[in-house]
Amino acid sequence: MNKAAVVCGLGTWVPPYALTNDELATLVDTSDAWIRSRTGIGRRHIADASTATSDLAVEAGGRALKSASGPGGRDVDAVIVATTTPDHPCPATAPLVAARLGLGTVAAFDVAAVCTGFLYGLATGAGLIAAGTAARVLVIGAETFSRILDPADRAARAIFGDGAGAVVLRAGDPAEPGALGTFDLGSDGNGSDLITVRTGGSRHPHPTAGDTADPYFRMNGKAVFRGAVERMTESSRRVLAGRRPDLVVAHQANLRILHAVADRLGVDRADCYVNLDRVGNTAAASIPLALGDAGRDGALVPGRQVLLTAFGGGLTWGATTLTWPDIEPA
Ligand code: UT7
């Protein structure tokens, strides 16, 4: 029975404009030296005012479908969009994306797990395939995080950027390259106040005149930093079960976090893939964007054993493994 989920296509997209650290330093009180030494980030892409998350998702999703090889081509039975920054609170972003990609009346829904969203989306897509509900699933991580940042929050503006990445999953054999391994997923809602956007939901629906409710994204950076290192390490250990990965493709939160996770896993820092210097932390888009860059620059070649892991708001975390397949990122 072909019930494993196999990665058979990969596409990415970032909006063209890149905000460098030096330019950010003209907007808030910061410096290239501070940002590089505390985060490893050199620039991040920012969507223009007319671009929403679905626009980025359509670009990345279309590229992933193009990259998907073999029989099936552009056909998928489901579209999952992992995002923290949907176009609207209602409806979900995925149906808009499916329609714009011309995918017909397929199942389409969003997954909200903040920076762990793409991994939760992959696990959900793999579940649809294992249940026989879908044979091919497009899983997209897409964010316009710049939209929810406080213009005066220099720490958040230093880190976060916009972008999208997507994979096509198809039903296949668990032993073939590209087959997703066991997932470890977790959450701890007791830490829900560490990463928040407090308004826009049922607790604080509409900021009105005189309302002091905070409309912006907020993060307790230090507590999140510690949680990210601990949870990604534990989750990774569970899926690795003693194996050593050739390449770690972790959520691009902060270079110091990536190095701390690599050190705890006993993996050379050089085997922990980094593209946050070029794109920053793009939340749910982070892992597929990193996979795309790693595929293009030769860090990912067919046969390499890859560990994926992420941590984010919720709190949420997760990990999985795969053997890299023979695909061309688009
Ligand atoms: O994506 C998943 C979840 N997110 C993460 O995993 C991010 C985790 N956290 C982090 O990456 C780091 O905590 C930050 C990069 C957000 C902050 O770095 P930090 O080393 O934890 O700095 P801090 O918040 O403790 O601040 C240290 C100092 C403060 O100044 P004082 O109070 O010591 O005078 C901040 O005001 O650094 C200051 N600071 C800055 N200075 C220059 C904070 N941001 C900036 C900035 N430029 N951009």
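Read the numbers this way: they start at 1 and go in the same order the structure lists the ligands and their atoms.
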Exercise. Before accepting this row, confirm whether a basic side-chain N of the pair Arg100/Asp55 lies closer than 4.0 Å to the acidic partner's carboxylate O.
Key: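 Salt bridge: yes.
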If you look only at distance, which donor and acceptor atoms sit under 3.5 Å apart when one is on a side chain in residues 189-198 and the other is two or more places apart or in another chain?
{"residue": "Asn190", "atom": "ND2", "partner": "Asp188", "partner atom": "OD1", "Å": "3.2"}
{"residue": "Ser192", "atom": "OG", "partner": "Gly189", "partner atom": "O", "Å": "3.1"}

Practice problem: Please collect all ring pair (Phe, Tyr, Trp, His ring centres under 6.0 Å) contacts where either partner lies in residues 120-150, sequence neighbours excluded, each pair once. | Solution: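 Counting only pairs at least two positions apart or across chains, the ring pair (Phe, Tyr, Trp, His ring centres under 6.0 Å) contacts touching residues 120-150 are Phe145-Phe160, Phe145-Phe217.
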Quiz item: Who are the side-chain hydrogen bond (donor to acceptor under 3.5 Å, both in side chains) partners of Asp87, not counting sequence neighbours?
Solution: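 For Asp87 the side-chain hydrogen bond (donor to acceptor under 3.5 Å, both in side chains) partners, ignoring immediate neighbours, are Ser54.
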Exercise. Nearest 0.5 Å please: distance from the CG atom of Asn21 over to the CZ atom of Arg44.
Key: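 Those atoms lie 4.5 Å apart.
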Self-check item: Residues in the immediate environment of ligand 1 (any heavy atom closer than 4.0 angstrom)
Solution: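 Residues within 4.0 Å of ligand 1: Asp29, Thr30, Trp34, Arg38, Thr39, Cys115, Arg154, Ala155, Ala158, Ile159, Ile195, Met219, Gly221, Lys222, Val224, Phe225, His251, Ala253, Asn254, Arg256, Ile257, Asn281, Phe311.
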Practice problem: Scan side-chain atoms only and decide if Asp162 and Thr144 contain a donor-acceptor pair under the 3.5 Å cut-off. | Solution: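 Asp162 vs Thr144: no donor-acceptor pair found between side chains.
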